[in-house]
Amino acid sequence: MTPLIPMAAKPLLAINDMSIVFTSPDEPDVKAVRQVDLTLTPGKTLALVGESGCGKSVTARAVLRLLDSNAEIRTGEIHFEADSGPVDIARLKPDSLALRSIRGAQISMIFQEPMSSLSPVHTIGDQIDEIILLHERVSPKQARERTVSLLDQVGIPGARDRANAYPFELSGGLRQRAMIAMALACTPKLLIADEPTTALDVTTQAQILDLLRQLQADFGMAMLFITHDLGVVAEIADEVAVMYLGDVVEQGDVYEVFRAPKHPYTQALMNSVPRLQRKSERQRLSPIKGTVPSPKDRPEGCAFTSRCPYAFAPCPTIRPEPTVVGDGHVARCHLLTHAREEAVA
């Protein structure tokens, strides 16, 4: 299966037909991600959106092979344009030298919660120094100077002193900036940001987003941004992929998807966003009824069937094919397929 959205520029990362399953000796395999296709080019930002439990973080962690021990990439490819040449990350062993040369150096990740991702018994500076010393031939003194420069670049005041601080001595915003500095230590080609602003107040969140945009422009890197906040997507992303229960149900240019969402799940997400309105126009929020089911209860057909108000006969049993609904805009929905068949008839 080829990527759903062809790109004019040569892809930096191309995920083709990737499925991820969690295994258990006592229970049937659970498919967490089903036949995902994603393409990312240098200098662009692709946002993965969806409710919690939709497979966004699992998809991102698969790129770095940071999956749990009972998870495996059952099918598909993860093509990455590494410095040494094209490589299929899905075929590399998690502890291989080839993957170690990529992880942290050419692909870096900002994790969701810095307090649990940073070591509490090592200083911020020591943790960033270690990454630089691991991947580059520099002296400890040179590594520390680069660390201080990075901390200063991400807006941490008194960077030289802060390098000697432990994570618990920094505020949430400063810890998040330290995580960004760590991810940028070796000037990666691809930055994966897993909900980097979720635990921050709105002012700090805006500062972090501005910082990421500026750093992306400075370094020319691609960014895979994971979030459930559609406001953040509109502000930072070039393209968006909407995930539900391990499926990419809609994908395309962020403006096109937000302007005219085609999948019922994307429409429901857009309708549930609070909007500022005059008192005479105020309306109640329109939440999505029900909850994301367990992957164990996934229907064979469309994953959104149990919550979709438009579900009809083929939805529970037949998985819809991707339908092109605009320039670089694709959605998986039987309504679209049915409408196209009627138009042809």
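Along the sequence shown, the residues carry numbers beginning at 1. The structure presented is a predicted model; accordingly, all values stated were derived computationally and were not measured.
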*Asks:* Could you work out, with side chain to side chain contact (heavy atoms under 4.5 Å, CB included) as the rule, every residue matching Ser139, not counting sequence neighbours?
*Replies:* Lys141, Gln142
*Asks:* Run the salt-bridge test on Lys189 and Asp83 with the 4.0 Å N-O cut-off and return the result as yes or no.
*Replies:* yes
*Asks:* For Phe312, I'd like to know if atom CZ has over 12 heavy atoms of other residues, nucleotides or ligands within 6.0 Å.
*Replies:* yes
*Asks:* Looking only at heavy atoms, which two atoms of Leu151 and Ala178 are closest? And how far apart?
*Replies:* CD2-CA, 4.4 Å
*Asks:* How many angstroms lie between CG in Asp194 and CG in Leu66, if you round to the nearest 0.5 Å?
*Replies:* 11.0 Å
*Asks:* Within a strict 4.5 Å, meaning less than it, do heavy atoms of the Val242 and Val248 side chains meet?
*Replies:* no
*Asks:* Any side-chain heavy-atom pair from Phe304 and Pro264 closer than 4.5 angstrom?
*Replies:* yes
*Asks:* I need the full list of salt bridge (charged side-chain N to carboxylate O under 4.0 Å, His left out) pairs touching residues 65-80, with sequence neighbours left out, sorted by first then second residue.
*Replies:* Asp29-Arg74, Glu72-Arg74
*Asks:* Taking only Lys NZ, Arg NE, NH1 and NH2, and the carboxylate oxygens of Asp or Glu, determine whether Arg146 and Asp129 approach each other closer than 4.0 Å.
*Replies:* no
*Asks:* My understanding is that only residues two or more places apart in sequence, or in another chain, count here; which of them pass side chain to side chain donor-acceptor pair (under 3.5 Å) with Asn70?
*Replies:* none
*Asks:* Specify the closest pair of heavy atoms between Thr291 and Tyr244, including all atoms of both residues, with the distance to one decimal.
*Replies:* O-OH, 4.2 Å
*Asks:* What are the two closest non-hydrogen atoms of Thr305 and Cys302, and how far apart are they?
*Replies:* OG1-O, 2.6 Å
*Asks:* Decide yes or no on side-chain contact (heavy atoms from CB on, under 4.5 Å) for Leu12 and Phe80, but give the supporting numbers first.
*Replies:* CA-CA 6 Å; Leu12 174 67; Phe80 177 67; 3.8 Å; yes
*Asks:* Do Lys10 and Glu81 pass the salt bridge (charged side-chain N to carboxylate O under 4.0 Å, His left out) test, and can you show the C-alpha distance, the side-chain angles, and the key distance before you say yes or no?
*Replies:* CA-CA 9 Å; Lys10 185 176 182 180; Glu81 291 295 323; 3.7 Å; yes
*Asks:* Check step by step if side-chain contact (heavy atoms from CB on, under 4.5 Å) holds for Leu245 and Cys54.
*Replies:* CA-CA 4 Å; Leu245 203 60; Cys54 285; 5.7 Å; no
*Asks:* Pair Leu191, Ser108 - check side-chain contact (heavy atoms from CB on, under 4.5 Å), show working.
*Replies:* CA-CA 5 Å; Leu191 178 65; Ser108 290; 4.3 Å; yes
*Asks:* Determine, for Glu250 against Arg332, whether the closest basic-nitrogen to carboxylate-oxygen distance falls under 4.0 angstrom.
*Replies:* no
*Asks:* Between Asp238 and Val254, does the side-chain contact (heavy atoms from CB on, under 4.5 Å) criterion hold? Intermediate values first, please.
*Replies:* CA-CA 6 Å; Asp238 299 293; Val254 67; 5.7 Å; no
*Asks:* Glu145: what forms a side chain to side chain donor-acceptor pair (under 3.5 Å) with it, not counting sequence neighbours?
*Replies:* Arg160
*Asks:* Which value, rounded to the nearest 0.5 Å, describes the distance between Gln216 atom CD and Lys44 atom NZ?
*Replies:* 9.0 Å
*Asks:* Applying side chain to side chain donor-acceptor pair (under 3.5 Å), can you list everything that pairs with Arg177, at least two apart in sequence or on another chain?
*Replies:* Gln207
*Asks:* Specify the closest pair of heavy atoms between Ile156 and Leu174, including all atoms of both residues, with the distance to one decimal.
*Replies:* CD1-O, 3.9 Å
*Asks:* State, with a plain yes or no, whether a side-chain heavy atom of Ile288 is found less than 4.5 Å away from one of Arg307.
*Replies:* yes
*Asks:* Compare all side-chain heavy atoms of Gln251 with those of Val257 and state whether any distance is below 4.5 angstrom.
*Replies:* no
*Asks:* Tell me, do Pro295 and Val30 make a side-chain contact under 4.5 Å, heavy atoms counted?
*Replies:* yes
*Asks:* So, using side chain to side chain donor-acceptor pair (under 3.5 Å) as the criterion, who are the partners of Glu256 when residues are at least two apart?
*Replies:* Arg259
*Asks:* Establish, from distance only, whether the side-chain atoms of Thr266 and His263 form a donor-acceptor pair under 3.5 Å.
*Replies:* no
*Asks:* Please tell me whether Tyr166 and Gln127 have a donor and an acceptor in their side chains that are separated by less than 3.5 angstrom.
*Replies:* no
*Asks:* Of the options Asp37, Ile73, Val63, which is the one that meets Met18 in a side chain to side chain contact (heavy atoms under 4.5 Å, CB included)?
*Replies:* Ile73
*Asks:* So, His228 versus Glu51: side-chain donor-acceptor pair below 3.5 Å or not?
*Replies:* no
*Asks:* Taking the side chain from Arg175 and the backbone from Leu170, do they hold a donor-acceptor pair closer than 3.5 Å?
*Replies:* yes
*Asks:* Any side-chain donor-acceptor pair under 3.5 Å between Thr45 and Glu239?
*Replies:* no
*Asks:* Do the non-hydrogen side-chain atoms of Leu46 and Met223 ever get within less than 4.5 Å of each other?
*Replies:* no
*Asks:* Looking only at the side chains, is there a donor atom on one of Asp218 and Gln214 sitting less than 3.5 Å from an acceptor on the other?
*Replies:* yes
*Asks:* With a 6.0 Å cut-off (strictly less than), is the heavy-atom count around NZ of Lys262, excluding the residue itself, greater than 12?
*Replies:* no
*Asks:* Is a side-chain donor-acceptor pair under 3.5 Å present for Ser149 with Asp152?
*Replies:* no
*Asks:* If you define the side chain from C-beta out and look only at heavy atoms, does anything of Leu336 sit under 4.5 Å from Val325?
*Replies:* yes
*Asks:* Are any of the side-chain nitrogens in Glu27 or Lys296 under 4.0 Å away from the carboxylate oxygens of its partner?
*Replies:* yes
*Asks:* Give a yes or no on whether Asp95 atom CG has more than 12 heavy-atom contacts from other residues, nucleotides or ligands under 6.0 Å away.
*Replies:* yes
*Asks:* Are any non-hydrogen side-chain atoms of Gln35 and Ser19 less than 4.5 angstrom apart?
*Replies:* yes
